[in-house]
Amino acid sequence: MDKVSPPWAYTIQLPHDPRAPGIARGLLRLVLEAHGRSELTEEAELLGSELLTNAHLHTAGPYALRLGPGALDPGRVRVAVWDDDPKVPAGFERGAPRADACAEGGRGLFLVRAYADDWGAYSFPDGRGGKLLWAECGGAGRRGGGAGSGSALCR
């Protein structure tokens with residue numbers, strides 16, 4: 001029988017509560033340690049934090065964190081966040097310009113794009129199912145370009 005889910009995948013439903021992103025980050029650390037992937041904790045936690053914070057700040061409903069192996073590369077870890085708003089943020093679309101690195105806000109998805117090995121979004125077709133933003137880390141090659149690509153020092 002074919003499996004619907006990867007061998008290990010965890011999903012936690014979170015209420016719209018300011019403590020929820022911190023609770024989800026704690027779960028993320030525990031899951032990575034339990035699956036022998038603790039070397040990815042710092043990077044996965046950054047990706048998860050930014051995606052969770054985006055969901056918390058820009059939606060009014062609940063959201064969810066899903067953590068598991070990469071879709072095409074099981075050596076990677078995929079961090080995904082679902083929320084009930086079907087609109088994909090402009091800064092997260094493929095080919096979108098990078099955010100101003102010196103801006104005081106709006107850099108969260110820029111950080112995800114910069115640190116992730118791969119990233120993407122899926123808006124559910126019926127418009128009522130929300131969206132899923134995801135990022136992967138732990139691969140051999142970086143698709144996202146790395147944190148330093150194209151950034152200038154702010155004065």
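Treat the numbers as computed from the prediction; the structure is a model and nothing was measured. Just so you know, residue 1 is the first one in the sequence shown, and it goes up from there.
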J.: Which heavy atom in A20 sits nearest to a heavy atom in P15, and how many Å separate them?
T.: CB-O, 3.5 Å
J.: Give the minimum heavy-atom separation between L32 and W8, together with the two atoms involved.
T.: CD2-CH2, 4.5 Å
J.: Report the distance from atom CG of L51 to atom CG of L133, rounding to the nearest 0.5 Å.
T.: 6.0 Å
J.: Could I get the full list of side-chain hydrogen bond (donor to acceptor under 3.5 Å, both in side chains) partners for E39, not counting sequence neighbours?
T.: R37
J.: Do W134 and L46 belong together in a cluster built from hydrophobic side chains that touch within less than 4.5 Å?
T.: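 Per the 4.5 Å side-chain linkage, W134 and L46 are not co-clustered.
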J.: Less than 4.5 Å apart, any side-chain heavy atom of L52 and any of L14?
T.: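 A side-chain contact under 4.5 Å exists here.
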J.: Considering residues at least two apart in sequence or located in another chain, which fulfil the side-chain contact (heavy atoms from CB on, under 4.5 Å) criterion with T11?
T.: Q13, A64, R66
J.: Is there side-chain contact between L109 and E50, with heavy atoms separated by less than 4.5 Å?
T.: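 Heavy-atom side-chain distance check fails, nothing below 4.5 Å.
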J.: Taking only residues two or more places apart in sequence, or in another chain, which ones meet Y10 in a side-chain hydrogen bond (donor to acceptor under 3.5 Å, both in side chains)?
T.: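 Y10 satisfies side-chain hydrogen bond (donor to acceptor under 3.5 Å, both in side chains) with H35 once adjacent residues are dropped.
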J.: Say you draw a straight line from CG of L65 to CD1 of I23; how long is it, rounded to the nearest 0.5 Å?
T.: 12.0 Å
J.: With side-chain contact (heavy atoms from CB on, under 4.5 Å) as the test, pick out the partner of W119 among R78, E136, R113.
T.: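 Among R78, E136, R113, the one meeting side-chain contact (heavy atoms from CB on, under 4.5 Å) with W119 is R113.
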J.: Residues in side-chain contact (heavy atoms from CB on, under 4.5 Å) with L30, at least two apart?
T.: none
J.: Report yes if the side chains of Y122 and V88 come closer than 4.5 Å at any heavy-atom pair, otherwise no.
T.: no
J.: Just how far is it from atom CG of L67 to atom CZ of R29, taken to the nearest 0.5 Å?
T.: 12.5 Å
J.: With no hydrogens and no angle check, is any side-chain donor or acceptor of S123 less than 3.5 Å from a backbone partner on P86?
T.: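 Such a contact is found between S123 side chain and P86 backbone.
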J.: Show me the side-chain donor-acceptor pairs of residues 53-60 shorter than 3.5 Å, one per line, residues at least two apart or across chains.
T.:
from, atom 1, to, atom 2, distance (Å)
T53, OG1, S49, O, 2.7
H56, ND1, Y63, OH, 2.9
T59, OG1, A55, O, 2.5

J.: If a pair satisfies salt bridge (Lys or Arg N to Asp or Glu O under 4.0 Å) and one of its residues is in residues 9-23, list it, with sequence neighbours excluded.
T.: D17-R19
